[in-house]
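What you are looking at is a predicted structure, and each value in this text was computed from that prediction instead of being measured.
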Amino acid sequence: MRAAVLQEHGEPLEVREVDYPEPGPDQVVVETEACGVCRSDWHAWRGDWEWMGISPSAGQILGHEPAGVVAEVGADVETLATGDRVTVPFHLGDGTCRYCQNGQSNVCETSIPLGFVDAAQGAFAEAFAVREADFNATKLPEGVAFEEMAALGCRFMTAYHGLVDRADLRPGDTVAIHGCGGVGLSAVHIADALGAIPIAVDVQPEKLERARDLGAAATVDGAAVDDVPGEVVAANDGQGVDVAVDALGIQETCRNAVRSLGRTGTHVQIGLTEGDTGGELSVPVDLVTMREIDVHGSYGMPLVRYEELFDLIQRGTLQPEKIVGETLSLEEAPETLASMDDFETVGIPVITRF
């Protein structure tokens, strides 16, 4: 089968023939119908996350936002059959640890990240295998298309989990979203759809325009102002916002997000770091203390939350397809991934032609 394979960090992926996966007893093989190209793939391609132990080596197949059709079923799998339309989380859990059992599968004690390590080759390929398939593979409702599911991927789901479960977002809350890549634009759409008031911050006019199309009540061009938090507050009638999201993971956006919050506000950290940070950013802790700001991380979404998300999509409340920036062939994936060096992608690129 064909796959886009990592050769060396920072060098273009190579689309070439590789072995078709064989399912283990607890696994299924899924033939890929759609897969998002995510900034997390870019981080891995760059070799950014050695401090987390998930910097992939040569030969790794990336891709962790898939949807597809079950093609082969392992001997011990009980709930899936060939032909089932499925998706899987990027955080593949074991289904048995205390977190999986308590409905927090996204932080499973033995989680294996799809597409980032040799034990879980990813979905930039015609097919991929899924561990503990009875637990991890989720059947898609008929009303959810493959392309929509790939758009949900890790970015839309992480934004939903961050806003709804971690920040306890309520209608009427003001939300400042710092960074309008795929996860930031997802957060804008989700906040607007659920009755909150999103304020979008970015340095690229085309991304801010897309944010307005998705429901941003106000936008701030970070490249055109000296005081981004001050501009966010000004856009919110002089008040700090209720929720702030750092959707990028750099020092500037993290600090600006915290400084844009009002008293008892909530900061949600979604963006992961890059380069030589070692996974650490400084935070204005005195402000956190004196304003009693809550700080939360958001990593994917527990499997038990999928049904609620699917219901909102089927009712038309959430429309993840609006976040899709472009559809690609597998051969176009290496160039699209490399273009993220310059933040050139707008919305979520999705591979639909394998």
Side-chain angles (χ1 to χ4, degrees), residues 21 23-30 36 38-41 43-44 47-57 60-66 74-80 86-123 128-139 152-168 183 246 249 267-274 277-281 294-309:
D26 68 329
Q27 297 180 341
V28 296
V29 172
V30 177
C38 179
R39 191 160 188 83
S40 294
D41 295 308
H43 280 291
D48 278 342
W49 292 338
E50 290 184 2
W51 53 85
M52 291 196 290
I54 56 172
S55 183
S57 57
Q60 180 70 38
I61 302 170
L62 304 179
H64 62 280
E65 297 184 310
D76 296 339
V77 175
E78 298 179 351
T79 62
L80 298 161
V86 298
T87 187
V88 299
F90 69 86
H91 39 71
L92 297 170
D94 60 26
T96 62
C97 80
R98 56 177 174 162
Y99 296 103
C100 288
Q101 292 295 301
N102 288 336
Q104 297 172 295
S105 57
N106 56 319
V107 290
C108 171
E109 290 179 325
T110 65
S111 176
I112 297 178
L114 178 68
F116 295 97
V117 294
D118 182 65
Q121 295 293 326
F128 62 98
V130 182
R131 74 175 290 213
E132 300 295 342
D134 282 326
F135 181 71
N136 286 303
T138 299
K139 295 178 184 179
L152 284 170
C154 84
R155 285 164 285 188
F156 198 97
M157 287 186 167
T158 302
Y160 184 84
H161 176 55
L163 289 174
V164 175
D165 301 328
R166 305 295 283 157
D168 193 24
V183 70
D246 175 12
H267 172 73
V268 181
Q269 188 65 37
I270 294 178
L272 292 168
T273 62
E274 61 183 69
T277 65
E280 297 187 7
L281 303 174
D294 292 330
V295 178
H296 294 281
S298 180
Y299 180 72
M301 190 176 76
L303 286 162
V304 295
R305 303 290 283 132
Y306 277 39
E307 185 174 347
E308 178 181 307
L309 193 59

Practice task
Starting from the C-alpha separation in whole Å, work towards a yes-or-no answer on side chain to side chain contact (heavy atoms under 4.5 Å, CB included) for C100 and D94.
Solution key: CA-CA 7 Å; C100 288; D94 60 26; 3.8 Å; yes
Handout entry: Worked verdict on D41 versus H64 for side-chain hydrogen bond (donor to acceptor under 3.5 Å, both in side chains)
Key = CA-CA 8 Å; D41 295 308; H64 62 280; 2.9 Å; yes
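Nearest heavy atom pair, residue R39 against residue R155, reads N-NH1, 4.2 Å. Across all their heavy atoms, G279 and T273 have their closest contact at CA-OG1, 3.2 Å. For the residue pair I112 and A120, the shortest heavy atom distance occurs at CG2-CB, 3.6 Å. Between A159 and V183, the shortest heavy-atom contact is CB-O, 3.8 Å. Of all heavy-atom pairs spanning A44 and L62, the tightest one is CB-CD2, 4.3 Å. Nearest approach of S105 to F135, heavy atoms of both residues: CB-CZ, 3.7 Å.
Not a single donor-acceptor pair under 3.5 Å links the side chain of Q121 to the backbone N or O of Q60. Here the side chain of N136 pairs no donor or acceptor atom with the backbone of L92 at under 3.5 angstrom. Here the side chain of E274 pairs no donor or acceptor atom with the backbone of D48 at under 3.5 angstrom. Remark: the backbone N or O of S298 is not paired with any side-chain donor or acceptor of T158 at under 3.5 angstrom. Judged purely by atom type and a 3.5 angstrom limit, D246 has no side-chain atom pairing as donor or acceptor with the backbone of G271. The closest donor-acceptor contact from the side chain of W49 to the backbone of P56 lies at 3.5 Å or more, if one exists at all.
At a threshold of 4.5 Å between non-hydrogen side-chain atoms, the residues I61 and F128 do not count as touching. Between P89 and L303 there is a side-chain heavy-atom pair separated by less than 4.5 Å. Between V28 and P23, every side-chain heavy-atom pair lies at or beyond the 4.5 Å cut-off. The closest side-chain heavy-atom distance from E132 to D26 is below 4.5 Å. No side-chain heavy atom of N106 sits under 4.5 Å from any side-chain heavy atom of M157. Taking the side chain as every heavy atom from C-beta outward, R131 and T110 approach each other to under 4.5 Å. In this structure, the side chains of F156 and M301 stay at 4.5 Å or more apart for every pair of heavy atoms. The closest side-chain heavy-atom distance from P66 to L114 is below 4.5 Å.
In this structure, OG1 in T96 is found 12.5 Å from CZ in R98, a value given to the nearest 0.5 Å. Atom OH of Y160 and atom CZ of R305 lie 5.0 Å apart (nearest 0.5 Å). To the nearest 0.5 Å, atom CD of residue Q27 and atom CG of residue L80 are 12.5 Å apart.
For E109, the CD atom counts as densely surrounded, since its 6.0 Å shell holds more than 12 non-hydrogen atoms of other residues, nucleotides or ligands.
Between Y299 and F90, the gap from one ring centroid to the other is short of 6.0 Å.
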